[in-house]
Amino acid sequence: MAAGKPVVMVTLVSSDGQSFQLLEEAALLSAMVRDTIQIGQGRGPAGIPIRNITGQTLSMVVVYCNKHYTAAAAADGDDAADEEKKVANKKQLREWDEQFINLEQDKLYDILVAANNLGIDGLVDLCCWRFADMMKGKSASEIRVKLGIRDDFTSEQRAQIEKDSPWVWSRTT
Amino acid sequence: MDGDGDSDGRADVPAASAEAEISGAVVPSAAVDLLSGLPDDLLVYILLHLDPVDAAEAARTCVLSRRWRDLWVQVPSLVFLCLNPVGCARVHAALAARARAVAAPDITRLHVYYFAGHSFPPTASWLSLAPPVLSGELVFFKDWQTPIAANELPADIMKRTAFELPCFKKATKIYLHLEFLTLLLPPSGAFNALTELKLEQIRFDGQFILGDSMFPSLQRLLIDNTLGLVDLALNSSSLVWLKLSHLRGLQRINVEAHSLELLCVVHCLRYNVQVARFSMEGLKVLRWRDRLDPILVNFSEMPHLQQLTIFEFTPYGWPGSNPNQDLFRIINHFSSIQHLELVVSIEPVSVSCSSWTYNGLS
């Protein structure tokens, strides 16, 4: 954080009434918060109401925003020429991300939806990566089991798919 | 949003319905299907994070359920690693599916890496499907599994197989590494959106003409390592960046590019060239690592030139020899130079034969 800059806090209020105070700059990772502040709202004591996102999920989102804001602020202060350090910091942040998002599906889903509604691109990306990770290297039936997807094709539709794209069934390249 | 999901986006817990039994795929699962209720763009984003070198992994999700069936055709990036002809069949199937899909967005990135040894299937089958569905970059990279020199390639294979590039009206970048297959351009049509073209390890059928009518937006062009290119004619009003290197057997070259800002020529004119003409009044940077015989090579005026890089200055030589003759010719072509980079080549040779060879620089 640059010295001399006034510290501005912003309050996010979850759908179940829990309040979370964080640095405005951290909250600005969210496009939704950015838009709200831009039109001159959200700085008051009432804070910014975040609809459809519970306190449990919002608390995780706030942790993510704080971490990424801090990392970005630290990177700004670093020597721009020190590539090695930059790469190391980036790797460290990625490791933190992966550990942070190592969650059960239901929590992961809630965070993905929240990040999408709040417009936090990095967090959307991270959640999508995690879901993809659950699917990687698995057969269709394994994916269905893992994600609880119901095979609702009729036999006619299944025959059509096999006819259209026999190549997708093969795992060898 | 998908119609199958509930209002809160969560689909039903899988149940052993009669319909599902027909497919024989009902497996007890503790998971609740959360994903299927998400909007398309998020699901496509998840698919984008699957195998980065095998688009088939994303495509395979079309068999999961009706919700997933047409999602993969919205994935903007397709990368294929082909290790045998079946791999190429996949590229074909994928592009055919894209072409069939009504609402699918254009592909912004199509990369095909072909490492399938000597056999080369007709590329036209998938290539001809690509132009209508591609509006970004095309990369086709062909390589043997083991490195092989150009003169060791089985000649019959190279002559037999041509890479017939169809007209990509919407593609912005094309990068071809053909391992000396013959490149054939379409007889007509314009690559309207193409700004960057990189051609590496290409065999040409004698002549290569590249002009505004076929490439009206081209800004960057690289031609590297060619066989059979005898006559090269570039006539472009949009070209800004041009790098030519190792054009083996080149006899004639004519470059007319008045917007060109950077020209780099490496080992193209050494042995066979008869005429080399460069008209590029806007040139700012010239990198020259080649022969420069004023009788053969003709430059236009370059009033805006800011940087001249010349390879290589040989500081030593036999008395009477002048290994830097060409270098002095190019330097002396300009009345004043503000920034000159000289790459000096110093080899560990016997000192007794040395004498400084800077005579000729005025």
Side-chain angles (χ1 to χ4, degrees), chain A residues 52 101 103-117 121-173, chain B residues 4 9-15 17 19-20 22-36 38-39 41-43 45-51 54 56-69 72 80-84 86-87 89-94 96-97 100:
Chain A
N52 304 328
I101 211 67
L103 299 165
E104 289 302 313
Q105 275 178 57
D106 51 347
K107 288 207 176 74
L108 182 61
Y109 170 87
D110 288 339
I111 292 181
L112 173 57
V113 172
N116 192 46
N117 289 344
D121 294 346
L123 189 51
V124 171
D125 189 75
L126 186 61
C127 294
C128 288
W129 170 83
R130 179 75 184 107
F131 271 121
D133 207 45
M134 293 176 181
M135 300 165 76
K136 265 180 199 164
K138 292 195 169 67
S139 69
S141 53
E142 285 167 338
I143 293 174
R144 278 191 212 104
V145 172
K146 177 87 189 163
L147 301 176
I149 295 167
R150 199 182 102 202
D151 180 347
D152 56 1
F153 287 119
T154 63
S155 46
E156 289 81 19
Q157 285 171 328
R158 179 156 293 282
Q160 186 62 42
I161 289 178
E162 286 188 49
K163 191 168 147 260
D164 283 350
S165 37
W167 60 289
V168 300
W169 301 97
S170 142
R171 283 198 63 85
T172 52
T173 25
Chain B
D4 290 355
R10 300 189 187 212
D12 295 335
V13 181
S17 69
E19 187 180 89
I22 293 168
S23 71
V26 175
V27 183
S29 164
V32 177
D33 186 4
L34 301 166
L35 286 191
S36 294
L38 288 173
D41 58 342
L42 284 181
L43 293 180
Y45 209 29
I46 290 172
L47 296 183
L48 252 179
H49 284 79
L50 290 174
D51 195 334
D54 186 10
E57 185 162 46
R60 229 173 268 132
T61 60
C62 75
V63 306
L64 289 176
S65 70
R66 287 190 301 210
R67 171 74 183 108
W68 290 77
R69 181 173 178 175
W72 77 273
F80 291 93
L81 189 62
C82 303
L83 300 177
N84 57 37
V86 175
R90 268 183 185 181
V91 184
H92 182 101
R100 269 200 311 271

J.: Which heavy atom of B:Asp33 sits nearest a heavy atom of A:Gly148, and at what distance?
T.: CB-O, 2.9 Å
J.: Is B:Leu42 in contact with chain A via its backbone, its side chain, both, or neither, using a 4.5 Å heavy-atom distance?
T.: both
J.: Any luck finding a side-chain donor-acceptor pair between B:His49 and A:Asp133 under 3.5 Å?
T.: no
J.: What pair of heavy atoms forms the shortest contact from A:Phe153 to B:Leu64, and how long is it?
T.: CE1-C, 3.9 Å
J.: On a heavy-atom basis, which atom in B:Cys62 and which in A:Ile161 lie closest, and how many Å separate them?
T.: O-CD1, 3.8 Å
J.: Say you draw a straight line from CG of A:Leu112 to OH of B:Tyr45; how long is it, rounded to the nearest 0.5 Å?
T.: 10.5 Å
J.: For B:Leu47 and A:Met135, work out which heavy atoms get closest and say how close.
T.: CD2-CE, 4.5 Å
J.: Mark yes when over 12 heavy atoms from residues, nucleotides or ligands other than A:Lys107 sit less than 6.0 Å from its NZ; otherwise mark no.
T.: no
J.: Top residue by heavy-atom pair count (under 4.5 Å) with chain B, among A:Ile143, A:Asp125, A:Leu108?
T.: A:Asp125
J.: Between CZ of A:Arg158 and CZ of B:Arg69, what distance do you get to the nearest 0.5 Å?
T.: 10.0 Å
J.: Return the CZ to CD1 distance between B:Arg67 and A:Ile149, rounded to the nearest 0.5 Å.
T.: 10.0 Å
J.: Looking at B:Ile46, B:Leu48, B:Asp51, which makes the most heavy-atom pairs under 4.5 Å with chain A?
T.: B:Ile46
J.: What's the shortest heavy-atom distance between A:Arg144 and B:Val63, and which atoms?
T.: NH2-O, 2.7 Å
